[in-house]
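Have a look at the structure below, then the notes.
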2 protein chains.
Amino acid sequence: MALPSGLLGALDPTSDRAVFRQIADHLRESIDKGRFREGDKLPSETELVEHYGVSRMTVRNALSILQGEGLAVSEHGRGVFVRPRPPVRRLASDRFARRHRDEGKSAFTVEAEAAGVHSEVDSLEVKEEKPSQDVAARLGSPRKVLARRRRYLIDGRPVEFGTSYLPLDIARGTQIAEPNPGPGGIYARLEEQGHRLDHFDEEIRARMPSPHEVRTLHLASGVPVIHLIRTAYDTEGRAVEVCDTIMAADAFVLAYQLPAT
Amino acid sequence: MALPSGLLGALDPTSDRAVFRQIADHLRESIDKGRFREGDKLPSETELVEHYGVSRMTVRNALSILQGEGLAVSEHGRGVFVRPRPPVRRLASDRFARRHRDEGKSAFTVEAEAAGVHSEVDSLEVKEEKPSQDVAARLGSPRKVLARRRRYLIDGRPVEFGTSYLPLDIARGTQIAEPNPGPGGIYARLEEQGHRLDHFDEEIRARMPSPHEVRTLHLASGVPVIHLIRTAYDTEGRAVEVCDTIMAADAFVLAYQLPAT
DNA sequence: CAGTGGTCTAGACCACTTG
DNA sequence: AAGTGGTCTAGACCACTGA
């Protein structure tokens, strides 16, 4: 099972660069140049050991670099593969526009429909609880809040999960406190109750996932998460909802439109 | 140099969880609970080897998990440390508001001033070139563009770099083609030339950095980048600039305001 | 100088996938 | 059963840091 010569270069013994980095460089270059394409199997560890004449740990070290960069994923018993880039969903900044709510659509399904993909909500949980310090500060320090937790899947793949927090005096006893908030989602219900929405603030961060986030979103190594915190304000300037969301970064591109004024 | 007993637990030999993962779990828990704080030195590899009675590679494997999660950074010859979280700059969605330009400020300095930090621009390069396919598509397929490359530093730390692209028929022969575009930045110059700005589109992605990005931004392992592509439109609907920016994700939080209409 | 992490070797046994 | 990656050992030598 010799590797085709020329597919990967030879090591440069005069280089200061560590051997495992040189091997990683060769593989990365081959991926970048399209000699390996998405989903292709990279040479096995055994093949690389033979090709370069190094120990297995050195080869594994090289492969782990590529995984950390998000370029490769390993599958136990199968091989190491060029990481397939899943289709990316575009979240437009008009996703909460009133016209969508008026049509009875929630923000998530609006986007999913536009892309023609199958979306599901899963592990839905609604309960009353004490807000965290951060959520309390954003909502004007309510003693308790209604928390709506859920996870979203696109074509069967979990891509985001998060929690909506609403002050209890707004949410208690309404359809917002039901698992299914009805057509148009909770924003439609808020407006029906007289909380006419004025604007949303969104804060965006990116970082590597916690182990819990890796499990919940089935994240490959080398895939960050986007942490989005949205606060909804009514026309009286009151914060009526905070939504804290973790998204698989390889599944989304966020799009915003800013006025130049 | 024995480790204080109780600081880190003991291995569970009955657990299915790999030893190096258990060790990583112990360290992560200690960091989360504040037993190690930002900048603190973690136990040395030697100490961990003795404490757990495992080989050094097992301990290194555990530590590399924490580095991949962005929780720890190693420093050759010094130790492994809990990663310090640098101060985060907030980029507000009004950073391109006309009132800032009218005051002679560019978007970057507006934000830096607000935060009271020292900002610099470096490795500035201005040249004419053929646009990439993506940039060309966004700008309406100009044959050539003016490219303005630069890197920004905050308090001496490189935090973002990127390139502005402008159609050559707009930029050539103007101050936009000079290294220093003058007060208010290139957007002020565009408006002076009759390209009154209407709005900006921003696209946001997050991913792990390429080796080049790691070098340019001096990124620690486990720190993703935010990839932001902004397109500026004038009141006639023409795209007059595309700005492609890579940001160290641990240095920024992006803030947007969305109308509810 | 002693202590630290960085690189590398040459094995071993295991768990998983595929034919 | 053969091939793959996952885990782990017990060494070795090196480069960097700091007292």
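Letters A, B, ... mirror the listed sequences (proteins, then strands); counts begin at 1.
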Next item on the list: When you get a sec, tell me which of D/dG5, C/dA10, D/dA10 is the closest nucleotide to the side chain of B/S55?
Entry: D/dA10
Note to self: Taking donor-acceptor contacts at under 3.5 Å, does the side chain of B/R56 reach the base of C/dG6?
What the structure shows: yes
Checklist line | Donor on one side chain, acceptor on other, A/D12 and A/T14, under 3.5 Å | finding: yes
Next item on the list: State whether a side-chain donor-acceptor pair under 3.5 Å links B/Y256 with B/E202.
Entry: yes
Checklist line | Between C1' of D/dG3 and CD of A/E75, the distance in whole Å | finding: 15 Å
Checklist line | side-chain N/O A/T46 vs D/dG3 OP1/OP2, d < 4.0 Å | finding: no
Note to self: Just the rounded figure in Å: distance from P of C/dC8 to CG of A/D16.
What the structure shows: 12 Å
Check: Given C/dG3, is OP1 or OP2 found less than 4.0 Å from the side-chain N or O atoms of B/S44?
Finding: no
Notebook entry, point to check: Which sits closer to the 5' end of DNA chain D, A/L63 or A/M57, going by the nucleotide each is nearest to?
Noted result: A/L63
Checklist line | OP1 or OP2 of D/dG18 under 4.0 Å from side-chain N/O of B/R78 | finding: yes
Check: Do we see B/H76 stacking on the base of D/dA15, given a limit of 5.5 Å between centres and 30° between planes?
Finding: yes
Check: Can you name the closest pair of heavy atoms from B/A251 and B/V159 and give their distance?
Finding: CB-CG1, 3.9 Å
Note to self: Would you say B/S164 and B/R148 are linked by a side-chain donor-acceptor pair, where the criterion is simply a distance under 3.5 Å?
What the structure shows: no
Next item on the list: Tell me whether the OP1 or OP2 atom of D/dT4 has a side-chain N or O from A/S74 closer than 4.0 Å.
Entry: no
Note to self: Does A/R21 reach a base, just sugar-phosphate, or nothing at all? Heavy atoms under 4.0 Å.
What the structure shows: sugar-phosphate
